[in-house]
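Right, one structure below, let's go through it.
The chains referred to below are lettered A, B, ... by the order of the sequence lines, with proteins before strands, and numbering in each begins at 1. In this text, all values refer to a predicted model and were calculated from it rather than measured experimentally.
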Amino acid sequence: MPELPEVETVRRGLMRLVGGATIDHVDVIYEKMVSPAPAEFKKRLAGATIDLIERRGKYLLFRFSNGYTMVSHLRMEGKYDVQPEGAPLTKHTHVVFHLTDNRELRYTDTRKFGRMNLVEDGDEMQVAGLKTIGPEPTETTLTFDYMKRIFNKSKKVIKPFLLDQSNIAGLGNIYVDEVLWMTRIHPEQPVNTLTDFQIRLLRDNILKELAKAIDGHGTTVHSFSTAFGEAGQFQNQLNVYGREGEPCVRCGAELQKTKVAQRGTHFCPRCQKLKKKPSKTVVLGLTGGIATGKSSVSAVFHDRDIPVIDADQIAREVVEPDSPALSEIAATFGQTMLQPDGTLNRRKLGQHVFNDEDELAKLNAITSPAIHKAVKKRVAAYRRKRTPLVVFDAPTLFEGDYAYDVDVIMVVALDTATQLARLMARDKMSETDARSRINSQLPLAEKVNVADIVVDNSGPIDKTKAQVVKWLNKMQLV
DNA sequence: CTCTATGCCTGGGAGC
DNA sequence: TGCTCCCAGGCATAGA
């Protein structure tokens, strides 16, 4: 199923292999595949040189020296490959372009869905499909203003809306599921209910995902006889597509598969909730690894008077004297866990649960729901006030199961060597101790993988802060 | 005009 | 094992 990145890879491969080649004659085996009818199609192409191969959306445009352009769409399973003249035909080869250099450019398509349309230069945009095609998904051609305009005026649900090539060119079933998961949008969310921030994040994710996929495929076409269809394998990792029943890599919930507008649709029922009216408040989950420098990033928000909800502070607040959680701790672990003044004896409790998984789990079962509840309450208050941006600063954003409930995740990261050196210097630790501390956490790479924004803190602090500010500006959050 | 359902095709997997 | 049925999905088009 070639989508834009695969078609682009085919274009690049073909350009290298047959760019400049001249067609001697053409065999059309499956007549319905070409237009105009085979006799005229063949006549127009005899002696034509392939000057250039361009792409628009998922359409390939072969520019010939004699004033014709061939619009070719691979649909589901179309493939081009180049063989030496006379090599045996395969079962599903439908068109063969015999080149003057003893090679053949072949079009193969098991399901015969692909089409080739040969028209005069300048008429290519009149071909069905290209006539109504939407903007290319690039930084300059797919603008936020355009997206906002088309999203606001439609009541359609987002999945079929994004599949419609007249809205945005190039997205297919796989990438739509991926970008919706990345942006945490339910596939049946009506497009006119999205907030500006969601549209911005979606735009960013479309551009990012397609660029990543093109990069990933760029190196796959090598040899003379490589079937370009092989470049259509999706080497870049997919987070939801085809993963129904597996845990969501962001929140751990079981991924589901349903049908939306007759299309198989994959999504995370926990991260991608259908919302009556998406909230205008953006909750940014901020996390990192030990000694990655999260607090200096947090300071950027403090300095700008952006509210920061501190998970560690809330963890302390929920066990203050007279709190239900503290009473439960006393009831479970004994009154000796309290100081004479009624406050929690943290040291003693810490020693008690240290290295005892069962006891630690008991403690978490008491504190975790209380912390979650308190966080939700704080967030709800900011939503009511329509505060545009709230930061939830949580070292255990993933481990503590908060990731499903934030709108966007920022991970502060650095390379392992720098992280190790900083931890050793900061906490006066031996290398062995520092290593084991780092290894006891969820690997930073896994956090980075599901982050919306990764802030690289391996350089000077000014550079780190500049990255945060740049992103905030880009997303119009400040 | 918009919106939805269906046809185009074949191979492969599930179920019997 | 072999048979039937259904699903995969981009896009055009027919119909509401």
Side-chain angles (χ1 to χ4, degrees), chain A residues 1-11 28-36 55-61 70-80 89-95 107-117 119 124-134 136-137 149-180 187-193 206 210 213 227-234 238 240-245 255-267:
Chain A
M1 305 135 252
E3 299 190 23
L4 188 152
E6 290 69 40
V7 178
E8 175 60 19
T9 303
V10 170
R11 186 196 72 78
V28 177
I29 297 150
Y30 182 67
E31 306 210 336
K32 277 174 75 177
M33 194 140 278
V34 304
S35 150
R55 179 189 58 74
R56 181 74 171 86
K58 301 178 207 172
Y59 294 82
L60 289 166
L61 303 172
M70 184 174 81
V71 179
S72 168
H73 198 299
L74 308 172
R75 295 284 184 94
M76 303 298 300
E77 304 193 11
K79 295 166 182 66
Y80 281 99
L89 290 186
T90 59
K91 192 173 163 191
H92 299 292
T93 299
H94 304 302
V95 182
Y107 181 77
T108 303
D109 188 344
T110 24
R111 290 164 72 179
K112 301 183 178 172
F113 277 8
R115 291 292 178 265
M116 293 168 196
N117 215 314
V119 298
E124 62 275 1
M125 293 314 286
Q126 296 313 308
V127 171
L130 280 179
K131 210 180 201 166
T132 53
I133 198 161
E136 285 292 306
R149 197 166 65 239
I150 61 167
F151 278 54
N152 281 354
K153 72 175 187 201
S154 172
K155 290 179 186 156
K156 260 192 169 179
V157 302
I158 193 160
K159 166 114 191 198
F161 188 84
L162 290 180
L163 286 173
D164 185 340
Q165 303 296 299
S166 69
N167 291 320
I168 299 171
L171 293 171
N173 204 41
I174 295 173
Y175 288 107
V176 167
D177 282 2
E178 290 297 315
V179 297
L180 289 179
E188 292 176 290
Q189 188 74 42
V191 290
N192 60 356
T193 62
I206 290 171
L210 291 181
F228 295 148
E230 295 310 308
Q233 304 298 323
F234 300 95
L238 300 174
V240 276
Y241 186 86
R243 306 191 130 214
E244 59 271 27
L255 297 175
Q256 283 183 5
K257 183 174 182 187
T258 55
K259 232 173 198 176
V260 177
Q262 279 76 249
R263 292 280 170 262
T265 298
H266 311 74
F267 72 108

List, with names and distances, any nitrogen or oxygen atoms from the protein found under 3.5 Å away from nitrogen or oxygen atoms belonging to nucleotides 5-9 of chain B.
residue	atom	partner	partner atom	Å
B/dA5	OP2	A/Q262	OE1	3.4
B/dA5	OP2	A/Q262	NE2	3.4
B/dC9	OP1	A/Y30	OH	2.6
B/dC9	OP1	A/K32	NZ	2.5
B/dC9	O4'	A/R111	O	3.4
B/dC9	O2	A/R111	NE	2.6
B/dC9	O2	A/R111	NH2	3.4

Show the distances under 3.5 angstrom between N or O atoms of the protein and N or O atoms of nucleotides 13-16 of chain C.
none

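Between C/dC11 and A/K58, a contact under 4.0 Å exists linking OP1 or OP2 to a side-chain N or O. Taking 4.0 angstrom as the limit, A/H73 places a side-chain polar atom (N or O) nearer than this to OP1 or OP2 of C/dC11. For C/dC11, the OP1/OP2 oxygens have a side-chain nitrogen or oxygen of A/Q165 closer than 4.0 Å.
Here the side chain of A/K58 pairs a donor or acceptor atom with the backbone of A/L171 at under 3.5 angstrom. A donor-acceptor contact shorter than 3.5 Å is absent between the side chain of A/Q256 and the backbone of A/H266. Side chain of A/H94 to main chain of A/D109: a donor-acceptor pair is present (N/O by atom type, distance under 3.5 Å, no hydrogens or angles).
Applying the salt bridge (charged side-chain N to carboxylate O under 4.0 Å, His left out) definition to pairs two or more places apart or across chains, those involving residues 158-176 of chain A are A/K156-A/D164, A/K159-A/D177.
Taking atom CG on A/N167 and atom C1' on C/dC11, their separation rounds to 14 Å, with Å as the unit. The distance from atom CG of A/L163 to atom P of C/dA8 is 14 Å, rounded to the nearest whole Å. If you take CG of A/N117 and C1' of C/dG10, they are 16 Å apart, rounded to a whole angstrom. One interatomic measurement links the two molecules: OH of A/Y175 to P of C/dG10, which rounds to 12 Å at whole-angstrom precision. Atom C1' of nucleotide C/dC11 and atom CG of A/L171 are separated by 15 Å, given to the nearest angstrom. Rounded to an integer number of Å, the gap from A/D164 CG to B/dT2 P is 10 Å. Rounded to whole angstrom, the span from the CD atom of A/E188 across to the P atom of B/dC3 amounts to 16 Å. A straight line from CE of A/M116 to C1' of C/dG10 spans 16 Å, rounded to a whole angstrom.
As judged by a 4.0 angstrom heavy-atom cut-off over every strand, A/K153 is placed among residues making no nucleic acid contact. The residue A/K259 sits close only to the backbone: its heavy atoms come under 4.0 Å of sugar-phosphate atoms, none of a base. Within 4.0 Å (heavy atoms only), A/F161 reaches no atom of the nucleic acid at all. Residue-level contact check: A/K155 touches neither bases nor backbone, having no heavy atom under 4.0 Å from any strand.
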Begin from the C-alpha positions of A/S72 and A/Y107 and carry the test side chain to side chain donor-acceptor pair (under 3.5 Å) through to its verdict.
CA-CA 10 Å; A/S72 168; A/Y107 181 77; 5.9 Å; no
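In this structure, A/F161 and A/I150 approach most closely via the heavy-atom pair CZ-O, 3.6 Å.
Residues A/V240 and A/E178 have side chains in contact (heavy-atom distance under 4.5 Å, counting atoms from C-beta outward).
Under the rule for a side-chain contact (heavy atoms from CB on, under 4.5 Å), the partners of A/T110 that lie at least two apart in sequence or sit in another chain are A/E77, A/H92. Under the side-chain contact (heavy atoms from CB on, under 4.5 Å) criterion, A/E8 pairs with A/R11, A/R12, A/R55, A/I214, not counting sequence neighbours. In this structure A/E188 satisfies the salt bridge (charged side-chain N to carboxylate O under 4.0 Å, His left out) test with no other residue, sequence neighbours excluded.
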